Structure formats: structure tokens, C-alpha cells
J.: 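First, the structure itself, so that you have it in front of you.
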Amino acid sequence: MLIINGKFLSTQGTGVSRVAYELLIQLGHHREELTQLFGSVPIIMAPRGANAMKRELPFKLYNRSLLTWQFWEQLELPLRARNGVLLSLCNLSPILHPRTVTMIHDAQTFSSPRSYDFAFRNFYQVMLPIIGRRSLRTLTVSNYSASQLEHFGIAPRGAIDVVHNGADHCDMAKARPDAITRLGLTRGRYVLALASAQVHKNIGVLLRAFSDPSMADLKLVLFGKFNISSFTTQGYVIPDNVIFTGRIDDATLAGLMQDALCFAMPSRTEGFGLPPLETMLRGSPAIIAPCGALPEVCGDGALRAGVDRPDEWRSTIRRLADDPQERAKWAAAGLKQARRMSWGAAGDRLMSSLRDVAAALAVPSHHGTLPYSTTRPA
């Protein structure tokens, strides 16, 4: 039996939970084959209250539990899932379960430890190498991440399969037509970026670029949970042409992406880097730093600027702002690249890994029983 760790259904709005949900939908397209491979129809196990998002799920959900969150995942889930192969798609899996397939998205708690608080960083630094050693297969989202997992001793390269993310989300929001007017913006005259004060996101290079008088006619729009004080407390000076939107819904974000001059991602490291790809799929160009998985993911479809070179970011942005044909060229290149990164292809790669796991285990083709009788459907 294949059992999917549904802890991610207890959260919403995170990148890894989005990836997990999209891959779960893809597994639903392979229901019959998975049933043959693992002996019965896959099920989802989650802590109580999971699926508060009320999303449609391709397999039956069992979400009655005694414990919640990490206690559920590490103590209760291995008992309830003891008769099956457990697939976990959000970095962590129970270290007590003997048959796990785990997707570890990146090694950034090792490569950029200052981006995370003490408890989170140390928990991941202890857990990930244990999980990597115990998993039947380790999945990750880019070749770059695979090399980092090997480098930091989390998993050997030969035990890692790469499953690139897609950008064509099944619940892709329709863009709000009034997104820019609500924020007082002009189409094509602002640069969109993620408002993250994490060290590796490197937003400071954009703040320095926009402080130059030559950028006065453009705005930098930063979206997400971090606000202006998150940056000023770190010593950043915020130029007058920078706007913080706070948290916004998917439809507003889609509207901002499609009407932006471009998306900017100056990260020092990324395990994948989904936002520029999403923007490219919406028909706007992206500028990336040549770091982490960003060149791998964006290919020749995005412009590049040096990670510590505000002058390069400034000149590259001005190229797009001052030459509509240049912007149109890069918008077309970005759209072409983004269309190559599909969730269908990701599902195919995940299925290839699961076929290998099933073959290695020689799972008998008989119908299994549910691992724990007190679990029942939501």
C-alpha cells in the first residue's frame, strides 16, 4: 500500500505545500498503476483538522488522530502507516518508519543558516541527514539541490531522484484586472519581487539599485509577509519608490505578475525558484541572479544580473523599461521556457521513482488492510 503523508494539508500558502498538492493531483492520474504497483489504492493520512482548505483530493483522506503537527508525524504516523510505503513530499518524514520515500526540497538550512531561526535551523540540520539515510529514495526539485544534499551529507547522489516543479498549477488563479490600480501602479512601470528578509533572498541588492535617481520613474513592489520594519531593523534604507503590499491573494498576485515590467529574483541560493517561472508563464520577463537552481530552472528564458551588483540590476531593468521590443523578446523567451516546466512532466518523473521503489520491494499485488482501525475518513 502507498500511503501519502498529508501533513501539508494542515497548512496553506507555503511553497512546499503547493508542490505537494500538485504532485498529489498528478498521482491521482496514475491511480490504477499505483494500485497495481503497491497492492491497493493509495490513501492519504493526515493529522486531525487537515484539509481545512477544502481542496479536492484524488485519494481517500484519513485524518483522525491523537496528536498534531511534528508529534503526529514523528510518533503517530509511523504506527498508523506501518504496513505501507510512506511518501512524504514536504522535507520531513518519520524517522521511525522503515519504508519512506521523502522529497527534500533543498539544503538551505545548511548553506544559508542565518536565514532561519535557531530552533528551525537546528531541527532541520539534525533531522534531514537521518531522513536522507533512512529513505528508500530521496526526491528533490533540481539538480542543484541534489548536489547540495550530497555535499552536506544528507543523501548520496545515487539515491536521489530529481523531480522538477511545474508552473502550470491546477488551481492557477485568474488575474484580478484591478490589481495594479488598487496599488496605484502603472502597467509595465514596476518591478515585482518577493518581500523576504531572509539573508539568502538578497533583496538588499534591489533596494540599493532602486535608490539611484535613474530609477525614480519606476517602482519596486515587494509582496509577502515581511514589511518595511523587517528590513529597516536589519539596517536597510528603503527608497521612496519601494512599495510593500503585505500578504495578497493569488488573483492579485497573478494580476501583478502579468502587468509587471519584470520579476526580479536576486537570491544567493534557491532549491528551485518558482516565482520567476510563474511570472514568465504569465507573459512577463524575469531577471535572476546566476545562483543556486535559478539558471537551471529559468534556462535561457531569463535575464541575469550579478548577485552583489546593484549596477547590473539597475542597467538590466532599464533595458526592459526603455526598450519595449527588448521586453517583448524576453517575455516570449520566458514564456517558452516556463511551458517546458509542467506538473505533468513532474508527475511522470515521480511515477518513475515509485516504480523503482515498488520493484525493489517486490510489493505483492494483494489488497492490504488499513494500518490502524481507529482511523476513519473525514
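In this text the structure is predicted, and so the values were computed from the model without any measurement.
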J.: Would you confirm whether Q108, through its side chain, and P113, through its main-chain N or O, come within 3.5 Å as a donor-acceptor pair?
T.: no
J.: Counting N and O atoms only, with roles assigned by atom type, does the side chain of S284 sit under 3.5 Å from a partner on the main chain of M280, one being a donor and the other an acceptor?
T.: no
J.: Got a second to check how far W69's CH2 is from T11's OG1, nearest 0.5 Å?
T.: 5.0 Å
J.: Return the minimal non-hydrogen interatomic distance between E56 and I25, and the atom names on each side.
T.: O-CD1, 3.9 Å
J.: Of the non-hydrogen atoms in G273 and L294, which two are nearest, and what is the gap between them?
T.: CA-CD2, 3.9 Å
J.: Okay, side chain of E312, backbone of G306: is any donor-acceptor separation there less than 3.5 Å?
T.: yes
J.: If hydrophobic clusters are built by linking Ile, Leu, Val, Met, Phe, Trp and Tyr wherever their side-chain heavy atoms come under 4.5 Å apart, do I131 and F110 end up in the same one?
T.: yes
J.: Heavy atoms, side chains only, cut-off 4.5 Å: are L128 and L92 in contact?
T.: yes
J.: As a quick check of understanding, evaluate side-chain contact (heavy atoms from CB on, under 4.5 Å) for L185 and K219, giving each step before the final call.
T.: CA-CA 8 Å; L185 300 171; K219 294 188 184 300; 3.8 Å; yes
J.: About how many Å separate CG of L220 and CZ of F210, when rounded to the nearest 0.5 Å?
T.: 4.5 Å
J.: Tell me whether R355 at atom CZ has more than 12 heavy atoms from other residues, nucleotides or ligands lying less than 6.0 Å away.
T.: yes
J.: Starting from L261, can I reach L222 by hopping between I/L/V/M/F/W/Y residues whose side chains sit under 4.5 Å apart?
T.: yes
J.: Linking I/L/V/M/F/W/Y whenever any side-chain heavy atoms sit under 4.5 Å apart, do F263 and L303 land together?
T.: no
J.: Hey, does the side chain of N63 reach the backbone of A46 with a donor-acceptor pair shorter than 3.5 angstrom?
T.: no
J.: For a ring-ring contact (aromatic ring centres under 6.0 Å, His included) with F244, tell me which candidate from F223, F226, F231 qualifies.
T.: F231
J.: Give a yes or no answer on whether the side chain of E22 reaches the backbone of W343 with a donor-acceptor pair at less than 3.5 Å.
T.: no
J.: Run the side-chain contact (heavy atoms from CB on, under 4.5 Å) check on V205 and W313 step by step: do they pass?
T.: CA-CA 8 Å; V205 75; W313 287 91; 3.8 Å; yes
J.: Any chance CG of D178 has more than 12 other-residue heavy atoms, nucleotides or ligands included, within less than 6.0 Å?
T.: yes
J.: May I ask whether Y21 and I104 are part of the same hydrophobic cluster, defined by side-chain heavy atoms of I, L, V, M, F, W, Y residues being less than 4.5 angstrom apart, directly or through others?
T.: no
J.: With clusters defined by side-chain heavy atoms of hydrophobic residues (ILVMFWY) lying less than 4.5 Å apart, directly or transitively, does L23 cluster with M172?
T.: no
J.: Between S352 (side chain only) and R349 (backbone N and O only), is there a donor and an acceptor less than 3.5 Å apart?
T.: no
J.: Show me the side-chain donor-acceptor pairs of residues 329-338 shorter than 3.5 Å, one per line, residues at least two apart or across chains.
T.:
unit_1, atom_1, unit_2, atom_2, d
W330, NE1, E326, OE2, 3.2
Q337, OE1, R340, NH1, 2.6
Q337, NE2, V297, O, 2.8

J.: Do L274 and H169 touch side chain to side chain, with heavy atoms closer than 4.5 Å?
T.: yes
J.: Test your reading of the model: is there a side-chain donor-acceptor pair from D106 to the backbone of S145, 3.5 Å cut-off?
T.: no
J.: Do R327 and P285 have side chains that get closer than 4.5 Å, going by heavy atoms?
T.: yes
J.: Is the gap between the ring centers of F272 and Y144 under 6.0 Å?
T.: no
J.: What distance do M257 atom CE and E278 atom CD have between them, rounded to the nearest 0.5 Å?
T.: 4.5 Å
J.: Checking R121 against S115: is there a side-chain donor and acceptor pair closer than 3.5 Å?
T.: no
J.: Short question: side chain of Y190, backbone of I180 - any donor-acceptor pair under 3.5 Å?
T.: no
J.: Looking at every non-hydrogen atom in both residues, tell me the closest pair between A155 and I160 and how far apart they are.
T.: O-CD1, 3.7 Å
J.: Any luck finding a side-chain donor-acceptor pair between R82 and H97 under 3.5 Å?
T.: no
J.: Apply side-chain contact (heavy atoms from CB on, under 4.5 Å) to residues N165 and L277 and explain how you reach the verdict.
T.: CA-CA 10 Å; N165 292 342; L277 203 65; over 6 Å; no
J.: Any non-hydrogen side-chain atom of T252 less than 4.5 Å from a side-chain atom of R182?
T.: yes
J.: Enter the distance from M103:CE to T138:OG1 here, rounded to the nearest 0.5 Å.
T.: 10.5 Å
J.: Any chance you could measure I228, atom CD1, to Y236, atom OH, to the nearest 0.5 Å?
T.: 14.0 Å
J.: One pair to check against side-chain contact (heavy atoms from CB on, under 4.5 Å): N143 and R157. What are the steps and the verdict?
T.: CA-CA 10 Å; N143 291 309; R157 185 63 182 88; 3.7 Å; yes
J.: Contact between F38 and M1 at the side-chain level, heavy atoms closer than 4.5 Å - yes or no?
T.: no
J.: Taking only residues at least two apart or on different chains, which pairs with a member in residues 267-277 satisfy salt bridge (charged side-chain N to carboxylate O under 4.0 Å, His left out)?
T.: K201-E270, R268-D308
J.: On a heavy-atom basis, which atom in V101 and which in V85 lie closest, and how many Å separate them?
T.: CG2-CG1, 4.3 Å
J.: Report the residue from D323, D217, D311, D212 that forms a salt bridge (charged side-chain N to carboxylate O under 4.0 Å, His left out) with R318.
T.: D217
J.: Nearest 0.5 angstrom please: L354 CG to L27 CG, how far?
T.: 6.5 Å
J.: Starting from the C-alpha separation in whole Å, work towards a yes-or-no answer on side-chain hydrogen bond (donor to acceptor under 3.5 Å, both in side chains) for E73 and N5.
T.: CA-CA 8 Å; E73 186 171 55; N5 179 354; 2.7 Å; yes
J.: Can you name the nearest heavy-atom pair linking A260 to L192, along with the distance?
T.: CB-CB, 4.2 Å
J.: Charged N to carboxylate O under 4.0 angstrom, R189 versus D259?
T.: no
J.: Without hydrogens or angle criteria, can the side chains of S93 and S88 be said to hold a donor-acceptor pair below 3.5 Å?
T.: no
J.: With a 4.5 Å limit on heavy-atom distance, are the side chains of L207 and I238 in contact?
T.: yes
J.: Would you say CG of D117 has more than 12 non-hydrogen atoms from neighbouring residues, nucleotides or ligands within 6.0 angstrom?
T.: yes
J.: Which atom pair, heavy atoms only, marks the closest approach of L34 to P42?
T.: CB-CG, 3.8 Å
J.: Report the residue from D161, D356, T100 that forms a side-chain hydrogen bond (donor to acceptor under 3.5 Å, both in side chains) with R137.
T.: D161
J.: Are a donor atom and an acceptor atom from the side chains of T269 and H200 found within less than 3.5 Å of each other?
T.: no
J.: Regarding S230 and N227, is there a side-chain donor-to-acceptor distance under 3.5 Å anywhere?
T.: yes
J.: Side-chain contact test, heavy atoms from C-beta onward, threshold under 4.5 Å: evaluate it for V163 versus T140 and give yes or no.
T.: no
J.: Do S142 and H105 have side chains that get closer than 4.5 Å, going by heavy atoms?
T.: no
